[in-house]
2 protein chains.
Amino acid sequence: MKQTDITRLVPLVRRRVRLLKGDTLYRPGDDAHTIYAVRAGTIRTSMCTAGGRNHVVAFHLPGEIVGLDSVAHATHTCEATALEDTSLCVIPSAALKAQAAQLTSLRDRLLEAFSLEARRERDQAIVLGQMTAEERVATFVLGLSARLSARGFAASEFLLRMTREDIGSHLGLKLETVSRIFSRMAGAGMIRVRSRHLTILDRVKLEDVTKGHSPLPQRAAVALL
Amino acid sequence: MKQTDITRLVPLVRRRVRLLKGDTLYRPGDDAHTIYAVRAGTIRTSMCTAGGRNHVVAFHLPGEIVGLDSVAHATHTCEATALEDTSLCVIPSAALKAQAAQLTSLRDRLLEAFSLEARRERDQAIVLGQMTAEERVATFVLGLSARLSARGFAASEFLLRMTREDIGSHLGLKLETVSRIFSRMAGAGMIRVRSRHLTILDRVKLEDVTKGHSPLPQRAAVALL
DNA sequence: CGGGAACTTGAATGGACTCAATTTAGGTGG
DNA sequence: CCACCTAAATTGAGTCCATTCAAGTTCCCG
C-alpha cells in the first residue's frame with residue numbers, strides 16, 4: 001500500500017537509475033549508501049546460503065522499496081538484479097536519516113516501512129514453514145496479484161517477470177514442482193498460464209487452496225488447450 | 001548483541017512484568033502500546049496461519065526485545081507466551097517514539113533493532129526454504145548457543161526451554177523429526193541430549209551439518225548411554 | 001530461422017510425515 | 001516421600017509429497 005511509498009514524502013530523490021534486463025543493481029559486500037524506489041520494472045533480490053545454494057529473498061514491484069537494510073547497515077547482504085528493464089529512484093540513506101530527524105511523519109513512515117519489511121519476511125517464513133507446495137504457489141500468485149492491483153495494475157492478469165526457478169527458490173520448491181502445480185491449477189480451472197502470462201480465473205478456489213482445503217487433483221479433470 | 005539491548009539507552013522503563021510459566025503476555029488483536037525487554041526467562045511468539053495451523057515465530061532470550069512491531073502498529077499479530085518464569089521490562093512505545101524524536105543515537109538504535117528483526121526473519125526464511133531437516137536443527141542449536149553466549153550464558157551447555165513441538169513448528173518440521181535428528185546428532189558425537197538439557201560436543205561437525213556437508217548416518221555408529 | 005534457455009511432463013527415488021506403541025520426565029495429591 | 005498421572009519424548013514401520021533424473025517441447029532472442 002501507500003506505506004511503502006516513501007517517495008511521496010521524500011523530496012530527496014537525487015537521481016534516477018535505469019537498468020536493463022539482467023543488470024545488477026548491487027552485490028553482496030557493496031557499500032550501501034542508498035535505498036531505491038522502483039518506478040517501473042521488477043527487481044529480484046537474492047542471497048547465497050552458507051552451503052552455497054541460492055535463495056530468492058523477494059521480488060520488488062513498481063512502487064516498492066529496495067535495499068531498506070542499507071539504512072542501518074554499511075554493506076549489502078543481498079544481490080539485486082533487474083528482471084526486466086527497470087527504472088529506480090535513488091534516495092541517499094544519509095539524507096533520509098537527516099530528514100527523518102526533522103520530520104515526525106517521515107520518521108513514522110520509515111518505521112512503518114521497516115515494520116512492513118519484517119512482517120513480509122515473517123509471513124514468508126510461515127509460508128515456507130507450514131505450507132504445502134500447492135499452498136505456497138497459490139499464496140504467491142494471490143500475493144503478486146494483490147501487490148500489483150494496489151499499484152493500479154490489473155489484479156487478475158499479469159506477466160510473471162521471473163522464471164519458474166526464481167519462483168521455486170523464493171518458495172523453497174524446485175522449478176519442476178512450480179511448473180507442475182501451475183498445470184494442476186490450470187487444470188482445475190483456477191488460473192490460465194501461457195508461459196509467463198498468468199490469468200486468475202477463480203480467486204475463491206485459489207484462496208481455498210491457500211488455506212489447505214481442496215487439494216488439487218493430480219491430473220486435470222478436463223484437458224485444456 | 002548489544003544492538004538489541006535497547007534497555008541501556010532507554011530510561012523509559014516504567015515498570016516490570018513477571019510471568020509464570022505458561023502465562024500469556026499478549027494475544028493477537030490486543031492493543032499494542034508497549035515493547036518488552038526480556039530480563040530473565042524465555043518468551044515464545046507464535047501465530048496462526050490462514051489454514052488454522054500454528055507457527056512459532058521466534059524464541060526471545062534474556063536481553064532480547066519482544067513486540068517490536070507494536071512501535072508501528074496498533075495491535076499485536078502474534079501471541080507471546082512465557083516458556084518459564086519470566087521477567088520483562090515494559091517500555092511504552094509512545095514514550096520511546098517521543099524520545100527517539102530527540103535522540104539521534106536512540107533513533108539509530110531503533111532502526112538497527114528493526115533492521116536486525118527483518119534480517120532474523122529473512123535468515124529464518126532461508127533456513128526454511130533451502131535447508132534439509134538436519135541442517136535446520138543444526139542451525140537452530142548453533143543459533144541458540146550464539147545468542148546465549150552473547151548474553152553471558154554458557155555457549156555449549158544449556159536448557160531447551162521449549163518442547164520438541166515448538167522447535168519443530170519454528171523450523172517447519174514435525175516433533176518426531178526433531179527428536180530423531182537430535183538422536184542422530186548425539187549418535188554422531190556432535191551433541192548430548194538428555195531431555196531438555198543439551199550439550200554441544202563438536203561444534204565443527206555441527207557447522208558442517210549446517211552447510212550440508214557430512215549427512216548424518218541413519219543409525220548411530222556407537223550406542224550411547 | 002537457428003540455437004539456447006526456459007518450460008513441461010513422466011517415472012522412480014527418497015526424506016520427512018503419519019500413525020502407533022513405548023518410555024521417560026515432571027507435576028500433583030494422597 | 002512416593003505413587004500416580006499426564007505431558008513430552010523416543011523409536012519403528014509404512015506412506016506420500018516433493019525431488020531427482022531424464023526426455024521432449026516451447027519460447028525467445030539474436
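In what follows, chains are A, B, ... by sequence order, proteins preceding strands, each numbered from 1. What you see is a predicted model, and the numbers here were worked out from it, not measured in a lab.
- In the set C:dA20, C:dG27, C:dC7, C:dG27 carries the atom at the smallest distance from any side-chain atom of B:K21.
- Between the CD atom of B:E84 and the C1' atom of C:dG26 there is a distance of 16 Å, rounded to whole Å.
- The nucleotide whose nearest atom lies closest to any side-chain atom of A:E176 is, among C:dA20, D:dA18, D:dA22, D:dA22.
- Rounding to whole angstrom units, CG of residue A:L175 and C1' of D:dA18 are separated by 13 Å.
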Should A:R180 and A:E134 be marked as a salt bridge (charged side-chain N to carboxylate O under 4.0 Å, His left out) after you check the CA-CA gap, both sets of side-chain angles, and the distance that decides it?
CA-CA 10 Å; A:R180 268 185 253 273; A:E134 287 174 0; over 6 Å; no

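- Residue B:R180 is in base contact, counting any heavy-atom pair closer than 4.0 Å across all strands shown.
- At a threshold of 4.0 angstrom between heavy atoms, the contacts of B:G172 are confined to the sugar-phosphate backbone, with no base atom among them.
- Base engagement by A:T177 is indicated by at least one non-hydrogen atom pair under 4.0 Å involving a base atom.
- When each of D:dT10, C:dT8, C:dA25 is scored by its nearest atom to the side-chain atoms of B:S195, the top-ranked nucleotide is C:dA25.
- Atom CZ in B:R53 sits roughly 12 Å away from atom P in C:dC17 (whole-Å rounding).
- Nucleotide C:dA16 holds its P atom 18 Å from the CZ atom of B:R164, rounded to whole Å.
- Atom-to-atom, NZ of A:K174 to P of C:dC7 comes out at 15 Å; the value is rounded to the nearest Å.
- Judged by distance alone, with hydrogens and angles left aside, the side-chain atoms of A:D123 form no donor-acceptor pair with the main-chain N or O of A:R120 at under 3.5 Å.
- Comparing D:dA18, C:dT9, D:dT11 against the side chain of B:S183 picks out D:dT11 as the nearest.
- Separation of atoms SG (A:C89) and CD1 (A:I65) is listed at 8.5 Å; rounding is to 0.5 Å.
- Atoms CZ (A:F182) and P (C:dA6) sit 16 Å apart, rounded to a whole Å.
- Separating the CG atom in B:L61 from the CG atom in B:L144 is a distance of 6.0 Å, to the nearest 0.5 Å.
- One interatomic measurement links the two molecules: CZ of B:R196 to C1' of D:dA9, which rounds to 9 Å at whole-angstrom precision.
- With rounding to whole Å, B:M162 atom CE is found 15 Å from C:dG26 atom P.
- For a distance-only test at 3.5 Å, the side chain of A:E134 fails to qualify as a donor-acceptor partner of the base of D:dC17.
- Below 30°, between 30° and 60°, or above 60°: for B:H170 and B:F59 the angle between ring planes is above 60°, a perpendicular geometry.
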